[in-house]
Amino acid sequence: MAEKNEFLGNIGHELRNPLSNIIAQAETLLEDVYGPLERAQKSAVSAIQDSAQQLLQLISDVVDLGRLEAGASPLTKAACSVSEICASSLAMVAGLGRSRSIEIVTEVQPSTLGVLADARRLQQILTELLSAAALSMHTGGQLRLRISHDEGCLKLQTLGLAGQPAFESVHLLSRLGKLKPIGLALLQQLVQLHGGTFAVDEAAVHDAGMTVRLPLSRSSAEVSAEEPCLPEASSSIEPPLPASRRQRTILIADDQTSLVAVTRNYLESVGFQVITARDGGEAVQLASMLQPDLILMDVRMPVVDGLSAIRQIRASTDLKTRDIAIVSLSGHASASDKENCLAAGATAYLNKPFGVRELDRIIAAHICSDAG
């Protein structure tokens, strides 16, 4: 089993590398060659990046499906915001929605709904469910996703726009099996891993009438949609394990969703646990509570900027938090910008966009060198 997982991880690593570079550097490379891009050119680059992102996700799905079938995917549950996970999934399927002119509308009841779940796996389920629904619909429609908690289960339901011609429910799964066989298999495996159910609504009268039920408990206190996905209460957090006994963790603090998605996919493919923050305030909180091995900190973020976040982490009264390696990420490659980051307490500085080689160099310098 271990050999199979390593083999799958190596394949995923090899296939992801060129795609990650395409997504991260396509626009910058063209601007370097031709100068500032016009609107039509930017649209074409965006389409290329969307397609590359979809292919990157497909590779991740293939690797993950193999790992699930090998039985090497335990669930790690913590209190999570359903609205936040839903937003992340929507970002992942935005390109597919645009390509089919489908408007995706979500409804979480209540909006502050929180559950005890493996956030990454729940996001995968939502992403695959939305993808399957969007592919099964007619173009130009509206896809609705309703999420609620009922009788001890989290219920995820997709429906098409009322009045549109519907596929006969008996044929929908076979259609999806041809359109999206890997994604459908991954969705079914993930639902099975949770002990849940996935079914096409037999009485559905609209497109994409599918329902997933997952036996997930609600968190004792509802989680605000603006809060990061964190363990339910600080008193329940276990102290970080020694580095030799736990999976290495990297925190990505950046509000650029495409960069976060690409970087996260790559880091997870090579064995790291990845947590994310959308602004410096979340990054400071996560750094204090979870003490990751490395932080990739964007300089310019809303609410609390990266430099302020670095200063707060360096001022922590906890020695382990204060000593976390922090790499500043910036798209402004100037000597003064680098000096400001290092003066704030950054361990190193990395220009954006960056490729996997630069990322590997950073990891080797600040994580792998002290692995022993």
Side-chain angles (χ1 to χ4, degrees), residues 16 18-31 36-62 83-108 122-147 156-167 172 175-176 178-184 186-187 206-210 225 254-266 276 278 353:
R16 283 186 181 101
L19 283 173
S20 296
N21 281 321
I22 289 172
I23 296 170
Q25 300 184 30
E27 185 169 344
T28 300
L29 176 61
L30 288 175
E31 287 185 342
L37 303 181
E38 298 178 356
R39 179 178 298 180
Q41 293 170 320
K42 283 184 175 291
S43 178
V45 171
S46 178
I48 292 171
Q49 290 175 320
D50 282 344
S51 296
Q53 180 63 57
Q54 290 175 31
L55 185 53
L56 188 66
Q57 186 59 48
L58 183 61
I59 293 169
S60 297
D61 289 350
V62 170
S83 292
E84 181 181 332
I85 295 173
C86 185
S88 298
S89 296
L90 283 173
M92 296 296 292
V93 300
L96 177 60
R98 286 194 299 269
S99 69
R100 295 181 57 79
S101 300
I102 292 174
E103 178 189 9
I104 303 177
V105 179
T106 63
E107 179 183 349
V108 181
L122 181 55
Q123 179 181 326
Q124 282 184 295
I125 290 174
L126 275 169
T127 301
E128 294 300 343
L129 182 64
L130 285 171
S131 297
L135 283 172
S136 69
M137 292 181 62
H138 295 283
T139 58
Q142 184 186 79
L143 171 62
R144 293 173 292 159
L145 172 66
R146 293 176 180 171
I147 305 178
L156 318 172
Q157 186 176 31
T158 62
L159 294 169
L161 182 65
Q164 287 185 339
F167 297 116
L172 184 54
R175 176 182 173 85
L176 285 173
K178 296 176 181 178
L179 291 173
K180 192 175 174 61
I182 296 172
L184 180 60
L186 180 59
L187 174 61
H206 311 314
D207 283 344
M210 294 178 282
D254 201 309
D255 62 331
Q256 187 179 346
T257 56
S258 59
L259 180 142
V260 171
V262 171
T263 307
R264 179 175 191 162
N265 281 338
Y266 172 71
T276 61
R278 298 167 296 182

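Hydrogens, waters and symmetry mates play no part in the numbers below; they use all other heavy atoms, side chains included. Position 1 is the first residue of the sequence; numbering continues from there.
In this structure, CG in L122 is found 11.0 Å from CD in E84, a value given to the nearest 0.5 Å. Between atom CD1 of residue I125 and atom CD1 of residue I85 there is a gap of 10.0 Å, rounded to the nearest 0.5 Å.
Residues L145 and Q157 have side chains not in contact (no heavy-atom distance under 4.5 Å, counting atoms from C-beta outward). Looking at heavy atoms from C-beta onward, Q142 lies in side-chain contact with V105 at the 4.5 angstrom threshold. Contact of the R100 side chain with the L135 side chain is registered, since non-hydrogen atoms from C-beta on lie closer than 4.5 Å.
C86 approaches I147 most closely through the heavy-atom pair SG-CD1, 4.2 Å. Across all their heavy atoms, I102 and G140 have their closest contact at CG1-N, 4.2 Å. When all heavy atoms of V93 and S131 are compared, the closest pair comes out as CG1-OG, 3.3 Å.
The main-chain N or O of Q123 is found under 3.5 Å from a side-chain atom of S89 such that the two form a donor-acceptor pair.
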TODO: Tell me, with the steps shown, if R144 and T158 meet side chain to side chain contact (heavy atoms under 4.5 Å, CB included).
DONE: CA-CA 6 Å; R144 293 173 292 159; T158 62; over 6 Å; no
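Applying the salt bridge (charged side-chain N to carboxylate O under 4.0 Å, His left out) test to every pair with at least one member in residues 255-264, sequence neighbours left out, gives these pairs: R264-E268.
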